[in-house]
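A short worksheet on the structure shown next.
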Amino acid sequence: HETTKHKMAPTTTARMLTCCYGVATLLALTATTCIVNGAPLVEEVVARKQEMPSTTQATKPIESPSDFDHERPIFPIPAKSSLEHGLLQTASGASLSLTFNGYTSGHISASLDRKPEDNKYSWCPLKVPNLALWPLPSGATHGPNFYCWLQNMEARIVAGGYENAPGINITTPNSATASYDWRFGGIRPKTDKLYEDVTATIEDHYAKTNESTIIIGRSMGSVESYAFLMTKTEEWKKKYICGYFPIWPVWGGSMFALFQAVVDIYSTMGIEGKNESRIFMAHVPSLAWLFPRAGKGPDLWNASEILVETPSKNYTVVQLSEMLADLGMETAVELYKIESVDKLHTFKAPLVNNTYVFYGSQVSTVTNGKFTHNFRKNESLLPEGFIAISEKFDWGDAIVPLRSTARAGMWAKEYEDKGLVLQNREYPGMKHGGSNYVNDMNKIVAGLNCKAPEKREDNDEKKSDESDWKQLEILNQEEKDEGTKVDFDQGLQVDDYDKDFADDDDTFFDEVISDDTFY
């Protein structure tokens, strides 16, 4: 993560005072303790330590449970659909935008017609015509009901891929004729048509309007949209994609995702009982897709860096399968093996012109952890004595460490060689889910010309509102069968849950982010 605002530290080893939490802190938000992590950091990691810029508020160690709670990320309310579409005002008129949202972001429902021999649990119903699965319906995870719900939500592994449980037809709300099931990551089920449907939507819109599409990805949606784009040729992307906007990306994975699966670190799922929440997350491929990724560069975790400590055994990134097995999480082991080798592993540049990445930094982020007790090989038993550790040099956005969320900087040379625009924009203090970037993104979008080159008018000729509304009319007609309506936005809006982070006076970009922080 090299910028002129962040100078490399000269030391090659360090002992970092790290404020941590006993298991009581994370599970009940009570006692707290601070320890010194005495293990020297490997040179490759220490070389990335950074001095905090003087233009931002100094960070400090977490000293109490209330401080820890303050550093929690922002969890937005799930959207109806994990894939949303609308219109954004660009220089060429009203342009189609497709937004891939993140983990747990959209509704999931199903119809159930299961044979008795396919039913894992005798008390679970065999036939339900309309079954709500996500967000959690009341009582769905209470007592024995949890296992019925888990059986319907989990992914079954078949021949290196996935399928749904037998006898269940999963449905997610359609958006622009495409349906996005957030339970799956870069490896889609054999029956899943997400990428095909998104492709058809984009191409159909272009054929009707001569306008290319803006792709937006939020959190896990940034890597899902990346996976989609990497299935396309450069020629296709040049013709059909006007701009690419990953927001709060999880490019290299996150320790938060790992600890969500192991100990349900923030209890965000709403499932009764942390054990049940953990079991569910260990059966969903998309979370394993977001585990920390192994590599030799400073943007990934290397084989020498200890991520998890126990009294008798430590684990690095190349030992995560072994760690999951030691916890008795056999299904998670299989999911991780499938998800850990994909397009994010090589992370080639998507080569989409007008790529703007927005990520947060300098917010306390869980970077590794330790357990005061040895693991018990039982999936239904939580490991004891978890202590979350936050190493300041890798502070990102409270969910994703800096090395991962800033990873798009490695695309710079490929973009430059192709003459394409790439800006990797850092926002110090922005949490995962924060909206500091919104005003800047609106300005960028407003300057894009998404009209097909052969159809573009002179830049000085003003586009009529009539043509904008005509495009809106076309999109609403496409949605008529679904009974939904596309809204016309003048730009992105700052969400109510994060007004405190809004840049009301348009000065945030000028004051904190300068051109030399772009890649």
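- Screening Leu194, Ile202, Val223, Leu98 for a side-chain contact (heavy atoms from CB on, under 4.5 Å) with Phe228, the sole residue that qualifies is Ile202.
- For the pair Met255/Phe291, no side-chain contact is recorded, criterion being any heavy-atom separation below 4.5 Å from C-beta on.
- In terms of heavy atoms, Met329 sits closest to Ala261 at CE-O, 3.3 Å.
- We find the CG-CD distance between Leu344 and Glu224 to be 9.5 Å, quoted to the nearest 0.5 Å.
- The CZ atom of Arg218 sits 5.5 Å away from the CD1 atom of Ile247 when rounded to the nearest 0.5 Å.
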Original post:
Yes or no on side-chain contact (heavy atoms from CB on, under 4.5 Å) for Ile214 and Cys242, after CA distance, side-chain angles and deciding distance?
Top reply: CA-CA 5 Å; Ile214 296 169; Cys242 181; 4.2 Å; yes
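- The distance from atom OH of Tyr356 to atom CE of Met441, rounded to the nearest 0.5 Å, is 11.0 Å.
- Side-chain contact between Tyr206 and Thr213 is absent, with no heavy-atom pair separated by less than 4.5 Å.
- With hydrogens and angles disregarded, no donor-acceptor distance shorter than 3.5 Å links the side chain of Asn424 to the backbone of Arg407.
- Remark: Lys239 engages no residue in a salt bridge (Lys or Arg N to Asp or Glu O under 4.0 Å) (not counting sequence neighbours).
- The cationic group of Arg403 lies under 6.0 Å from the six-membered ring centre of Trp301 and within 45° of the ring axis, placing it in a cation-pi geometry.
- Summarising the geometry of Gly253 relative to Pro401, their closest heavy-atom pair is O-CD, 4.1 Å, with the distance given to 0.1 Å.
- Ring planes of Tyr103 and Trp182: perpendicular class, angle over 60° (limits at 30 and 60°).
- Between the side chain of Thr365 and the backbone N or O of Gly396 there is at least one donor-acceptor pair closer than 3.5 Å.
- For the pair Tyr244 and Thr355, the minimum side-chain heavy-atom distance is below 4.5 Å.
- A donor-acceptor pair under 3.5 Å is formed between the side chain of Arg293 and the backbone N or O of Ser340.
- Annotation for Leu300 and Ala294: closest pair CD1-O, 3.5 Å, computed over non-hydrogen atoms.
- In this structure, Trp395 and Ser390 have side chains that are in contact, with non-hydrogen atoms separated by less than 4.5 Å.
- To the nearest 0.5 angstrom, Asn354 atom CG is 8.5 Å from Leu420 atom CG.
- A heavy-atom distance below 4.5 Å is not found between the side chains of Asp397 and Tyr427.
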**OP:** Given salt bridge (charged side-chain N to carboxylate O under 4.0 Å, His left out), test Lys451 with Glu211 step by step and report yes or no.
**Re:** CA-CA 5 Å; Lys451 188 70 71 177; Glu211 286 265 359; 3.6 Å; yes
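- Here Lys232 pairs with Thr199 under the side chain to side chain donor-acceptor pair (under 3.5 Å) rule; sequence neighbours left out.
- Put simply, the side chain of Tyr415 gets close to the backbone of Val352: a donor and an acceptor are under 3.5 Å apart.
- At least one donor-acceptor pair closer than 3.5 Å links the side chain of Gln319 to the backbone N or O of Thr316.
- No donor-acceptor pair under 3.5 Å is formed between the side chain of Ser404 and the backbone N or O of Ser254.
- Smallest separation of non-hydrogen atoms from Ser361 and Pro428: OG-CA, 3.4 Å.
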**OP:** Take Thr171 and Asn169 through the side-chain contact (heavy atoms from CB on, under 4.5 Å) test and state the conclusion after the steps.
**Re:** CA-CA 7 Å; Thr171 57; Asn169 179 32; 4.3 Å; yes
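- Using modelled atom types, no side-chain atom of Tyr195 and backbone atom of Leu229 make a donor-acceptor pair closer than 3.5 Å.
- Formation of a donor-acceptor pair under 3.5 Å by the Trp134 side chain with backbone atoms of Thr104 is found in this model.
- A distance of 11.5 Å separates CG of Leu258 from OH of Tyr315, quoted to the nearest 0.5 Å.
- Residues Thr90 and Asn449 fail the side-chain proximity criterion, which asks for heavy atoms closer than 4.5 Å.
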**OP:** Evaluate the ring pair (Phe, Tyr, Trp, His ring centres under 6.0 Å) criterion for residues Phe347 and Tyr226: first the C-alpha distance (whole Å), next the side-chain angles of each, then the deciding distance (0.1 Å), finally the verdict.
**Re:** CA-CA 9 Å; Phe347 203 55; Tyr226 169 82; 5.3 Å; yes
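- Taking the six-membered ring for Trp, Phe184 and Tyr162 have ring centres closer than 6.0 Å.
- In this structure, the side chain of Lys237 engages the main chain of Pro350 through a donor-acceptor pair within 3.5 Å.
- A donor-acceptor pair under 3.5 Å links the side-chain atoms of Arg183 to the main chain of Met153, judged by distance alone.
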**OP:** Begin with the C-alpha distance, continue with both residues' side-chain angles, and end with the deciding distance and a verdict on side-chain contact (heavy atoms from CB on, under 4.5 Å) for Arg156 and Asn164.
**Re:** CA-CA 6 Å; Arg156 301 287 177 93; Asn164 290 314; over 6 Å; no
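- Both tests do not hold together for Arg425 against Tyr359: distance to the six-membered ring centre under 6.0 Å, angle to the ring axis within 45°.
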Original post:
Passes side-chain contact (heavy atoms from CB on, under 4.5 Å), Asp181 versus Arg188? Steps please.
Top reply: CA-CA 9 Å; Asp181 187 340; Arg188 309 300 300 178; 4.0 Å; yes
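- In this structure, Tyr336 has its ring center at least 6.0 angstrom away from the ring center of Trp289.
- Counting heavy atoms from C-beta outward, His107 and Pro135 have side chains that approach closer than 4.5 Å.
- Ile241 is not listed as a side-chain neighbour of Ser212, based on a closest heavy-atom distance of 4.5 Å or more.
- When every heavy atom of Ser225 is checked against every heavy atom of Gly217, the shortest pair comes out as OG-CA, 3.9 Å.
- A pairwise comparison of heavy atoms in Asn152 and Leu131 identifies ND2-CD2, 3.5 Å as the closest pair.
- Separation of atoms CG (Asn101) and OG (Ser219) is listed at 9.5 Å; rounding is to 0.5 Å.
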